[in-house]
Amino acid sequence: MTARALLMPLGLAILATAVSSGTLQPAMSSPPGARVLVVTQVPPATPPAGIATRHRLEERYPVGSRIVIASLSGAAPAIQVITEDLVAAGSPAISHDGRTLAFTGRRSHASRWAIHAVASSGGAPRRLGPIDRDCADPAWLPDGRLVFACRDPGASSGPPAAACEASPGWSLFVGRPGGPPPERLTFVPGAATDPTVLRDGRILFSLTAGASVGDPACEGALFTIHPDGTHIETFDDAHDARPRMRPRETASHGIVFLAPGATGSDAMHLDPVHPTTRPAPLVPDHGGVPIRDVTSVEPTPDGSLLIAARSGATGSSGTLGIHDLRDGVLHPLFDSPEWHDTEALEPGLVPRPRAIPAVVEEGGDRGTLIGYDTARTDGTIGPPRDGARPVTLVVQSLRAVPVSSPMGAPAREGQPGSRISDLFTIRLEEDGSFMTDLPSDRAVRVRTLDARGETLATSAWFQIRPGEVRACFGCHEPRHLAPVNRAVLALRSPLPQDALPGGSR
Amino acid sequence: MIRIPRRWILHILLAPALIMILGWSAMDTWYEYHVPRVTGRDGLPRVSCLHCHRTVNDPYDRTAHGTDGFPTPEGIAVSADGTTLYVTVSGTDTLAVVDAARAEVRRSVGLPGAPHGVAVSPAGDLLALSLPDRDEVLLLDAADLTQRASIPAGREPRGIVFDRTGGRIFVASGALDEVVVIDVSGDAPGSGVRLAAGNEPYAAALSADGMLLAVANRLAFPVPPRVVPASEITLIDTAGTRVADRRRLESAHLSEGVAISSDGSVALAPMLRVRNLLPLTQVARGAVMTSAIAWIETREGGRTVQFPLDEVNAYFADPSGIALTPDDRLAFIAHGGADTVTVVDLHALRSTVRGATDRQLEILADDLGAARDYVLARIPTRSNPRALAMAPDGRALYVAERLAGSVAIVSTADRAVTARVDLDGPRNPTSVRRGERVFHDASITFQGQFSCRSCHPDGHSDGLIWDFEIDGPGRNLLDTRSLRGVRDTAPFKWNGKNPDLATQCGPRFARVLTRSDPFPPDQLNDLVAYIESIRIPAPRPVGHEAALERGRALFLRTHTHAGMEIPVGNRCVTCHPAPLFTDRLPADVGTGGPFDTPHLIGLDATAPYLHDGRAVTLEEIWTVHSPEDTHGVTADLTKVDLNDLVIYLRSL
């Protein structure tokens with residue numbers, strides 16, 4: 001048995017000990033009181049990737065990047081490498097029961113970035129698959145599956161020309177270690193990345209996409225989706241010129257995420273109860289020590305935040321280190337002078353998120369979309385027209401040409417090879433309501449027209465899963481408005497089943 | 001040693017098989033002839049003999065109920081000097097007298113029934129308690145807790161208040177939809193005037209000057225499908241003993257508390273704002289229901305506004321009791337489904353109303369971003385807080401933690417629980433008691449948006465029609481069925497597809513309705529045990545004995561007035577046989593069925609009727625929705641006959 005083969009079980013045993021205590025008791029090889037961290041380390045020769053290049057795994061995790069278990073005991077932390085067999089690794093995630101560690105990694109320079117899972121009790125890492133894509137950023141679902149982001153085949157991985165156009169398209173997938181092939185969750189254009197699982201069971205993720213057709217400028221937003229791919233929707237109404245990356249839910253149900261700042265990446269905080277308020281910097285300047293170049297923020301089981309960042313208070317090496325933000329006070333925690341410590345987790349038992357039952361019909365190819373009131377809008381997606389009311393609805397689809405993958409190549413708006421086509425047009429009811437079937441598992445959007453045929457509003461791209469019944473309260477209406485309780489005409493007098501090409505009801 | 005001939009062995013082995021084959025064949029034949037003959041219907045699902053020929057428990061059994069034996073505080077009143085709390089405790093059927101300063105039970109006295117509301121007279125010498133099961137109000141001497149009088153108070157009396165003189169008591173008589181006024185000024189207290197309220201009056205509050213009584217009605221008025229439901233806040237002029245105004249609360253129900261500002265200008269009532277006309281495609285974003293507080297300006301022509309208490313990703317189910325600080329600065333609202341008390345800034349509400357147009361206020365009712373402007377705090381409590389009471393000086397709030405059997409004392413300044421009084425009674429919950437907590441706990445739903453109780457208040461029915469989209473949006477409108485007395489009425493669901501309650505509340509329930517984890521097995525067992533324990537209130541005499549007997553004869557009749565024999569399958573009693581008044585078999589009564597035959601016990605309180613609630617009254621079942629006698633033969637019945645039949649059905 002090689003030394004490498006011995007190291008991984010040893011490191012995982014430390015992890016298992018730390019986790020099984022449930023209260024972050026010291027690991028078996030650590031003195032009492034020591035904390036244990038799972039840390040991603042990047043070679044210092046390579047500057048750590050910022051948010052702008054987050055979509056390029058080769059820059060986030062250059063060759064030599066590794067995941068270690070750091071047992072913090074006095075001045076000399078004990079380090080155990082657990083990804084020795086990989087040329088690069090990163091984005092670790094610990095399951096809710098603390099028994100399994102998932103991460104992304106590649107075995108050679110030519111191989112794909114694959115999601116791996118390894119039990120804390122030992123054993124070889126199991127690779128999630130098969131999937132012919134580069135994948136990263138795993139997060140654990142309450143049923144033991146993983147949701148993760150994969151780079152779409154054919155998407156560019158070269159140097160950026162303009163922010164959004166250069167960003168490869170990414171989609172979310174779910175899969176189980178050792179289970180069947182992963183299932184694709186998102187079909188919308190742009191880069192769907194950085195999933196995390198909220199305690200209410202939804203998946204929160206970052207979506208970076210072009211603002212409009214052919215527009216190279218990016219808009220970043222946070223979206224939620226159910227674990228079966230239904231109910232994709234914006235989390236906080238905001239479409240920001242700055243991408244919103246790596247969101248995480250804190251112990252107090254707040255949301256932290258990363259966004260490009262003046263001197264690198266900022267850690268931002270968002271109140272999910274009042275998500276329409278603007279995000280605020282998480283640590284703008286505490287005790288005169290600015291936090292710069294934040295690469296990750298992770299909540300710990302006991303409610304503090306681990307922040308991987310460069311800080312004037314953390315050593316003099318200039319490398320990134322790990323800090324603990326506890327009760328508003330930032331404490332330097334761990335900084336390896338030979339590495340950039342770009343991500344850190346603390347193992348421990350955390351509450352299992354609630355599960356959301358799946359409603360997708362196996363083998364189906366359609367879902368149903370209901371609009372309660374297309375005239376109800378926040379006015380941000382179409383020119384205001386006094387007195388104009390929507391009378392027809394055009395359903396459009398974004399298709400990729402050609403399809404080059406068994407799972408279907410995703411399309412990106414404005415990307416060569418993508419095509420927007422009108423699927424069908426339906427007449428709206430007098431009260432602005434409608435109900436129609438839509439083809440599932442593809443990017444669609446709807447456009448409302450007035451009596452003269454002029455566009456009033458165009459929705460964002462969305463998707464519908466097989467068998468899903470989706471209700472829109474309005475047409476890009478403010479997210480904080482609950483629907484009005486009224487009997488809409490579309491439900492009272494459904495259209496004939498075969499009236500329209502889309503199978504409208 | 002006994003030797004058994006070989007051929008006997010063969011017979012021993014073959015006989016049971018032969019008996020089984022013959023028995024099965026006989027049952028099959030018997031079923032082909034017997035069941036259609038008895039039911040008058042063909043094509044029914046195959047059922048065992050025991051389906052019909054069994055002994056069921058008494059549906060009026062009053063001994064099995066979730067709260068029995070466990071202290072369950074229902075109402076709180078505070079003495080004028082603030083030193084003493086009077087707590088009505090169902091389950092143990094007691095009145096607990098609590099020392100407010102020491103936070104301990106000073107004395108506990110037994111009562112003849114389960115109490116609900118409690119009020120202290122202005123002089124502090126009398127206590128009035130409502131006993132819903134006994135249809136009575138008890139008058140007790142506040143000094144020694146001896147009984148002064150027992151007074152009839154309509155049917156299922158709940159909320160209760162003294163007038164300013166102490167000479168009259170106003171009682172919300174839930175099952176009669178009336179406010180009963182009781183004169184207690186003389187030596188022979190008795191009920192007199194009755195004022196029509198809304199649907200199930202539940203709570204009442206008197207203004208500081210005693211001139212205005214506000215009554216919260218728990219349910220919305222029954223309406224046909226696709227009509228916006230509305231409940232009512234009834235404003236009563238106490239001087240004239242007349243209804244001064246009826247304020248409509250659109251899409252509102254489950255108002256169980258009411259308070260009036262000290263200047264009498266505003267009445268406030270927690271409520272659920274339901275969205276039952278929309279298909280149940282999702283729970284998120286308040287798509288099913290949200291908590292709110294109704295703001296009612298009491299002056300003539302004053303505004304009625306609904307302020308949401310929920311927020312975009314934070315929900316606080318089942319708002320119930322309310323109490324105001326004496327300076328009218330704060331309102332406290334208990335959320336029974338979220339184990340929380342919300343603190344509301346009343347000044348913010350007032351300024352919002354002043355500065356907004358009617359249209360803006362209409363939009364505000366559905367704006368989950370609004371609460372941040374007036375919700376000051378959320379105070380966690382123990383299980384199922386409902387009734388609230390404020391200390392006279394406004395420094396302490398008392399919270400009846402109903403299913404924890406305790407009263408929490410909250411500092412209104414610190415907005416935190418500072419002490420707690422555990423009421424006398426057993427502490428180790430039974431399966432039924434645990435199930436009762438599950439039933440009332442909104443954490444079972446996505447983001448904790450509603451509980452079982454939100455649609456089945458106290459195990460009954462919300463009287464609303466919901467659009468279950470599972471068979472296609474707009475195509476599956478279903479009236480909420482009462483859970484009272486369902487123990488022996490399997491199968492369940494309007495289509496009768498669920499053979500037992502565990503299935504009814506199982507994974508599909510989570511997928512279609514709660515959109516969250518299914519109940520774990522132990523919780524599901526407890527929940528079923530609780531639901532099976534929900535009893536039906538004992539039948540009350542309805543009067544009109546002669547009419548009732550005529551109605552009974554019509555219900556049991558086999559021939560029309562003209563002497564024509566009514567087909568077996570179209571007789572009332574065929575599908576609705578005693579004692580449960582259901583044969584638990586599907587029937588097509590011309591409403592798009594077949595549907596499971598509902599039981600008729602407690603029918604009076606379950607309007608609207610039929611599977612989709614299309615009949616607002618019992619009479620409409622036959623006059624509007626059975627013109628071809630598809631639901632019994634009634635075409636030959638006169639208006640008087642129908643009245644008699646209705647009286648009989650209401651007596652069940």
Side-chain angles (χ1 to χ4, degrees), chain A residues 142-143 198-202 224 226 228 230-231 233 235-237 249 253-255 271-277 352-359 367-370 372 376 433 435 467-473 477-494 497 505, chain B residues 225-229 250-252 273-290 308 310-314 362-372 375 443-448 467 469-470 472-475 477 507-518:
Chain A
D143 60 2
L198 301 177
R199 281 194 279 279
D200 63 23
R202 292 176 298 170
T224 57
H226 289 189
D228 63 352
T230 59
H231 283 278
E233 64 178 350
F235 179 69
D236 63 344
D237 276 342
E249 185 177 28
H253 295 273
I255 301 295
D271 181 353
V273 175
H274 311 299
T276 51
T277 55
R352 186 182 71 94
R354 300 300 301 259
I356 300 177
V359 297
T368 301
L369 180 69
I370 310 168
Y372 295 149
R376 192 189 198 197
S433 66
M435 179 163 65
E468 178 182 3
V469 179
R470 181 77 186 273
C472 297
F473 302 168
E477 80 288 357
R479 224 193 87 75
H480 52 88
L481 289 185
V484 177
N485 189 35
R486 65 190 184 97
V488 296
L489 290 174
L491 298 174
R492 188 179 296 214
S493 55
Q497 186 75 28
R505 292 178 182 173
Chain B
R226 304 186 195 282
V227 174
V228 178
E250 199 165 273
S251 295
R273 183 168 172 83
V274 295
R275 297 178 178 84
N276 64 310
L277 302 185
L278 304 174
L280 290 166
T281 60
Q282 67 179 75
V283 171
R285 292 179 61 189
V288 179
M289 63 182 79
T290 46
D310 290 332
E311 302 180 60
V312 177
N313 285 301
E362 187 182 338
I363 293 172
L364 182 141
D366 296 309
D367 186 351
L368 301 179
R372 67 180 173 194
V375 169
S443 68
I444 63 162
T445 52
F446 179 74
Q447 294 183 331
D467 184 349
E469 58 86 13
I470 200 70
R475 299 167 188 267
L477 306 183
R508 192 172 184 280
F509 176 80
R511 190 168 79 90
V512 172
L513 198 58
T514 63
R515 313 272 172 163
S516 192
D517 291 291

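Note: hydrogens, waters and symmetry copies are ignored here, and every other heavy atom, side chains too, is used. Within every chain, numbering begins at 1; the chains are lettered A, B, ... in the order of the sequence lines, protein sequences first and strands thereafter.
Residue B:D467 touches chain A through its side chain alone, counting heavy-atom pairs closer than 4.5 Å. Looking at A:H231, the atoms closer than 4.5 Å to chain B (heavy atoms on both sides) all sit in the side chain, from C-beta outward. Heavy-atom distances place the side chain of A:E233, and not its backbone, under 4.5 Å from chain B. For a residue to count as touching a neighbouring chain, one of its non-hydrogen atoms must lie under 4.5 Å from one of that chain's; by this rule B:I444 touches chain A with the backbone only. Residue contact with chain A, scored on non-hydrogen atoms closer than 4.5 Å, is absent for B:P518. Heavy atoms closer than 4.5 Å to chain B are found in the side chain of A:I370, but not in its backbone.
Between chain A and the options B:L368, B:L278, B:T514, the largest number of non-hydrogen pairs under 4.5 Å is found for B:L278. With chain A as the partner, the residue from B:V227, B:I363, B:V274 showing the most heavy-atom pairs under 4.5 Å is B:V274. The most heavy-atom pairs under 4.5 Å with chain A, out of B:G448, B:S443, B:P507, come from B:S443. When B:R273, B:R515, B:Q447, B:R285 are compared by the number of non-hydrogen pairs under 4.5 Å with chain A, B:R285 comes out ahead. In terms of heavy-atom pairs under 4.5 Å with chain A, the best-connected choice from B:P225, B:S251, B:A314, B:A284 is B:S251.
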**OP:** Evaluate salt bridge (Lys or Arg N to Asp or Glu O under 4.0 Å) for B:D517 paired with A:R352, printing each intermediate quantity in order.
**Re:** CA-CA 11 Å; B:D517 291 291; A:R352 186 182 71 94; 3.4 Å; yes
Original post:
Passes side-chain contact (heavy atoms from CB on, under 4.5 Å), B:T281 versus A:R470? Steps please.
Top reply: CA-CA 6 Å; B:T281 60; A:R470 181 77 186 273; over 6 Å; no
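Classification of the A:Y372-A:F473 ring pair by plane angle, with boundaries at 30° and 60°, yields parallel.
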